[in-house]
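Throughout, a chain's letter reflects where its sequence line sits, starting with A, and its residues are numbered from 1. Values below: every heavy atom of this structure, side chains too, minus hydrogens, waters and symmetry copies. Quick caveat, the model's predicted, so the values are computed rather than measured.
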Protein chains: 2
Amino acid sequence: MSLATDRGKLQPADKPTLYKQIRIDIERRILTGEWPPGHRIPFEHELMSRYGCSRMTVSKALSELAQADLIERRRKAGSFVRRPTFLSAVLKIADIRAEISALGRSYGYELIQCSRRPANATDRTRLGAGKSGKVIAIACRHSADNVPFAIEDRLIDLDAVPEAAAADFATEPPGSWLLHHVPWTEAEHSISAIVADEQAAAALDIAIGAPCLVIDRHTWRSARPLTAVRLLYPGESHKLVARFRGG
Amino acid sequence: MSLATDRGKLQPADKPTLYKQIRIDIERRILTGEWPPGHRIPFEHELMSRYGCSRMTVSKALSELAQADLIERRRKAGSFVRRPTFLSAVLKIADIRAEISALGRSYGYELIQCSRRPANATDRTRLGAGKSGKVIAIACRHSADNVPFAIEDRLIDLDAVPEAAAADFATEPPGSWLLHHVPWTEAEHSISAIVADEQAAAALDIAIGAPCLVIDRHTWRSARPLTAVRLLYPGESHKLVARFRGG
DNA sequence: CGTATCGATATGTCTATACATAAAATCGTA
DNA sequence: TACGATTTTATGTATAGACATATCGATACG
């Protein structure tokens with residue numbers, strides 16, 4: 001897992017066109033604290049004359065800053081540095097295969113169990129689906145350099161994702177397959193910690209009672225549940241990187 | 001903690017100006033999979049005639065989609081739906097006081113220890129600072145409805161954040177104070193799980209050996225370390241919400 | 001056959017202008 | 001003074017046109 005910025009991104013020294021120059025000038029003043037939250041940014045026509053350009057150019061810079069949530073624009077009042085109420089960071093979650101490969105380690109995948117069945121009450125609750133037809137239930141294990149890395153327990157709604165019926169989860173991890181084949185609009189994650197029970201300990205090759213990081217992820221497309229997954233990692237750390245502060 | 005989208009955000013049914021209409025039209029096609037990754041979006045002048053508007057209007061819609069990382073624009077070639085290689089989600093981390101208040105629970109704060117001292121070798125390593133002068137070391141406990149919620153162990157670089165010397169951490173949690181007073185440009189998070197040792201168990205009022213979620217956060221401004229903090233939560237879940245898929 | 005050049009083309013930036021719209025500020029009147 | 005109508009103002013959206021620039025593809029050349 002890795003966290004990186006969004007909010008317009010820290011530009012990679014693009015050749016500074018004028019509007020970009022204006023944008024990073026303002027960004028710099030905000031990020032250094034020279035213009036604190038609540039500060040009114042100079043009016044567009046002030047920036048026009050300061051930079052000797054048209055209002056459209058200034059406006060483009062301000063629009064991007066607004067889209068990035070660094071400033072707030074209010075008609076008649078002006079533009080203001082946003083008051084941060086949250087730390088905001090973009091979480092980039094690679095699928096586990098890509099994550100392990102990116103670390104330069106060899107990826108291993110093992111399908112433990114895969115069944116297609118009509119959804120029972122537990123499945124429906126887990127997916128959050130009202131009525132539900134068939135589901136695919138998958139249990140599998142990911143390993144890095146032949147050491148267990150995570151175990152995965154997943155449910156896929158076959159009505160919402162009929163293409164999944166044709167996928168071969170014996171050879172391709174379901175997370176990778178879904179990431180590359182199924183667009184989604186919303187996801188929700190819950191992070192928690194548990195201690196390994198006998199089964200988890202055996203699958204992860206750790207001691208019973210050892211700490212595990214748990215990630216539960218639910219994914220929807222337009223409010224329709226697609227999949228629910230629980231990932232269990234041995235307690236060691238997963239890194240996230242964030243940039244910028246946010247509103 | 002709560003995760004929400006960036007990438008332009010799921011618009012709250014803004015009155016649909018033309019460029020926004022174009023934007024959400026394209027967004028819809030991407031998100032439903034009608035235009036899969038790699039698909040070439042109609043050329044700007046095709047969209048111009050389809051919507052009967054000027055190129056600037058079309059371009060504004062595409063620019064926002066590009067800033068949101070949903071598409072990639074290439075000169076001469078056209079604009080293309082981005083190939084998702086990551087799940088992308090915006091992590092919004094409220095400071096703990098705000099987080100607990102938002103849940104409608106009463107917030108309690110208890111300063112356990114606070115000292116100002118020259119940085120020792122351990123402090124420097126932890127902050128990642130080369131040379132370092134003074135630091136503030138803080139240990140404190142947050143509670144919700146009088147139940148321990150998290151314990152915090154923090155180091156603040158006083159040279160980088162001299163204003164911190166004047167803050168009163170006996171009454172205001174350091175996370176809240178920093179969030180509202182100190183702009184930052186980069187942060188890095190590590191999430192892991194441990195089992196409570198005797199000290200943590202006592203502070204959190206849980207059993208020794210019970211699982212704890214650990215978040216280590218380092219924060220910088222322009223590559224200069226500002227603060228390092230370790231938060232220890234009892235194992236129950238922390239929710240995150242993400243939207244859209246990303247590149 | 002491989003390479004250099006050049007034209008066509010789609011996006012990238014910018015201008016000058018116009019009108020719309022939301023909201024602050026002012027004024028006028030009850 | 002209080003309240004409602006009017007004016008002012010800064011942003012929001014949109015246009016038409018201009019030139020810049022990257023790059024694909026074709027043509028010409030060695």
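OP1 or OP2 of C:dG12 has at least one side-chain nitrogen or oxygen of B:R73 nearer than 4.0 Å. The shortest distance between the side-chain N/O atoms of B:T57 and the OP1/OP2 oxygens of D:dT13 is not below 4.0 Å. Using a 4.0 Å cut-off, some side-chain N or O of A:K60 falls inside it from OP1 or OP2 of C:dT13. The side chain of A:K20 places no N or O atom within less than 4.0 Å of a non-bridging phosphate oxygen (OP1 or OP2) of C:dG12.
Listed candidates were C:dC14, C:dA8, C:dT15. Nearest to the side chain of A:C53 is C:dT15. Among the nucleotides C:dT11, D:dG12, D:dT9, the one closest to any side-chain atom of A:K76 is D:dT9. Distances were taken from every side-chain heavy atom of A:M56 (C-beta onward) to each of C:dA16, D:dT11, D:dT9; the shortest belongs to C:dA16. Out of C:dT13, D:dA14, C:dT11, the shortest distance to the side chain of B:S59 is found at C:dT13. You'll find that the side chain of A:Y19 is closest to C:dC14, out of C:dT15, C:dC14, D:dT23.
A salt bridge does not link B:E46 with B:R50: every distance from a Lys NZ or Arg NE/NH1/NH2 to an Asp or Glu carboxylate oxygen is 4.0 Å or more.
Scanning atom types as modelled, no donor and acceptor separated by under 3.5 angstrom connect the side chain of B:R74 and the base of C:dG12. The base of D:dG12 sits within donor-acceptor range of the side chain of A:R55, with an N or O pair under 3.5 Å.
Along DNA chain D, the nucleotide nearest B:G52 and the nucleotide nearest A:I41 are compared for position; the residue whose nucleotide lies closer to the 5' end is A:I41.
B:Q21 and B:Y51 share no side-chain donor-acceptor pair at under 3.5 Å.
Residue B:L62 is out of contact with every strand shown, counting any heavy-atom pair closer than 4.0 Å.
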